[in-house]
Amino acid sequence: MSTTAPPPTTVKNAYREATQNAWKKARPIQALFELTYRCNHLCTFCNNPLSREGSELTTQEAFRVLAELKELGILFLTLTGGEPLLRKDFWEIAEEARRLKFAIRVFTNAYLIDDAVADKLKKVGVVETSISIHGSRPEVHEKLTRIPGSFQRVIDAVGRLRARNMRVILKTPVTRLNEDDLFAIKAIAEENGAFQIFDTTITPRFDGDISPLGLAPSEGFYEWFWGRKGAPLRNGTEPRPKAYKGRDELEGCCGTGRSGLMVDPYGNVFPCALWFRKLGNVREQSVLDIWDSSQELKKVRAIAADIQNTVIPNQEDGEFMSWCPATAEAMTGDAKQAYRPALLNAKYMKQSYLAANPGLVQISGLSEEPAEACGHDD
């Protein structure tokens, strides 16, 4: 499941069409710009390495990156972290992004969103604020964030943003601690006029630390989530088989290296928020040069195409499988090796589909659309 929220209904089809065109042409339209890895939370499952050092891009370097992203054709820009609001020059960077006419999203834990910050987010033209929520009550949320008072900060921030008629996405990584709390979390979103997304995949940290996997939801959760009782939590997503059209070097299991990219606080460029295969550094090359010449990027695209055309069709439940190469590589050491969430999602999606279609002898591909882009922050 991806944590990327669908745009408002009125523009959803246009957004998806633009993303698919970018995917097919390998010309990105969306980028994540991680402004800092500093954070004021201590989330137990955070997939950023516990120790990552470097010299953060200066304000002027950040401005240059924004200009190069614009030249590359990026339309949708996500400012994230860490906690992006901890950058002292966050508002300067956001204002420059607005001047360049990006559609700006902000990923935040909301701890710093008081009335003044909410006013500034509104003024700078942020089209969407995405906030993490880990439970419906403080004892659950704060067991994961390890910051007392952080739950109420989320609730207050959502209220402030919605009072200013701003679009808010609440994101919940599903863990064994909150898997029984999801309807209550969704109720909070609905009461506050926010859109709720549940992410069923917990990943290792990108320094190889697998301790976050200890919080992964149970197998029983996946069966329940894709069954009838879990349907209200899926935002209209119903199990259905996918179509595989044969090998195409510009078709892949996800949009990584095609429709989007990520720049980290130190100027390193990656194919997405989860796949830490370095493509280059903006202090050495322009973003456009990296996109057009990176040999590592060509490898990433080839791997995604091979997964889509060869690996997934050979899986037992491949017709229902969405595959994140980055997560596969982080969990198994091999981007082409099946990993637990992909297997369990596919298994119980298929079970649910067959239960809804009794007497079906053979499953044939029904969808002409590519799978959803992988990655928690795509």
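Side-chain atoms are counted along with the backbone in the values below, which use heavy atoms only and exclude waters and symmetry mates. Index from 1, following the sequence.
- Considering CD of Glu83 and OG1 of Thr36, their distance stands at 9.5 Å, rounded to 0.5 Å.
- Between the CD atom in Glu319 and the OH atom in Tyr353 there is a gap of 10.0 Å [rounded to 0.5 Å].
- In summary, Glu139 and Lys143 do not engage in a salt bridge, as defined by a charged side-chain N under 4.0 Å from a carboxylate O.
- When the side chains of ILVMFWY residues are joined at heavy-atom separations under 4.5 Å, either directly or via intervening members, Val127 and Trp91 end up in two distinct hydrophobic clusters.
- Residues Leu72 and Arg27 have side chains in contact (heavy-atom distance under 4.5 Å, counting atoms from C-beta outward).
- Across Ile169 and Arg167, no two heavy atoms sit closer than the pair CD1-NH2, 3.7 Å.
- Judged by the 6.0 Å and 45° rule, Lys120 forms no cation-pi pair with Phe90.
- Within 6.0 Å of the NZ atom in Lys123, the count of heavy atoms belonging to other residues, nucleotides or ligands does not exceed 12.
- Pro84 is listed as a side-chain neighbour of Val106, based on a closest heavy-atom distance under 4.5 Å.
- Shown here for Glu61 and Thr58, the closest heavy-atom pair between the two residues is OE1-N, 2.8 Å.
- Residues Leu297 and Gly257 approach most closely at CD1-CA, 3.5 Å, considering heavy atoms.
- Within the 4.5 Å cutoff, side-chain heavy atoms of Ile133 are placed close to those of Phe151.
- In terms of heavy atoms, Ala110 sits closest to Ala157 at CB-CB, 3.6 Å.
- Rounding to the nearest 0.5 Å places CZ of Arg98 at 9.5 Å from NZ of Lys101.
- Each of Leu279, Val65, Leu66 was scored for a side-chain contact (heavy atoms from CB on, under 4.5 Å) with Val263, with one residue passing: Val65.
- When each of Lys347, Gln351, Lys229 is tested with Glu223 by the rule side chain to side chain donor-acceptor pair (under 3.5 Å), just one qualifies, namely Gln351.
- Atom OH of Tyr111 sits about 11.5 Å away from atom SG of Cys39, to the nearest 0.5 Å.
- Put simply, the side chain of Trp226 reaches to within 4.5 Å of the side chain of Arg234, judged on heavy atoms.
- Both tests pass for Arg301 against the ring of Trp291: distance under 6.0 Å to the centre and angle within 45° of the axis.
- Residues Ile93 and Ala62 share a closest heavy-atom pair of CD1-CB, 3.9 Å.
- Between Asp289 and Ser293, the side chains place no donor N or O within less than 3.5 Å of an acceptor N or O (distance only, hydrogens not considered).
- Cluster annotation: Ile155 is not connected to Val140 through the hydrophobic network of ILVMFWY side chains, with a link wherever side-chain heavy atoms come within less than 4.5 Å.
- The aromatic rings of Phe270 and Phe276 sit tilted, their planes meeting at an angle between 30° and 60°.
- No side-chain donor from either of Thr145 and Asn109 sits under 3.5 Å from a side-chain acceptor of the other.
- In this structure, His41 and Ser150 approach most closely via the heavy-atom pair NE2-CB, 3.7 Å.
- In this structure, NZ on Lys186 lies 14.0 Å from OG on Ser136, to the nearest 0.5 angstrom.
- With no hydrogens or angles considered, a side-chain donor-acceptor pair links Tyr348 and Glu219 at under 3.5 Å.
- Atom CD1 of Ile303 sits about 14.5 Å away from atom NZ of Lys298, to the nearest 0.5 Å.
- Put simply, the side chain of Asn40 does not reach to within 4.5 Å of the side chain of Ile147, judged on heavy atoms.
- Counting heavy atoms from C-beta outward, Lys350 and Pro239 have side chains that stay 4.5 Å or more apart.
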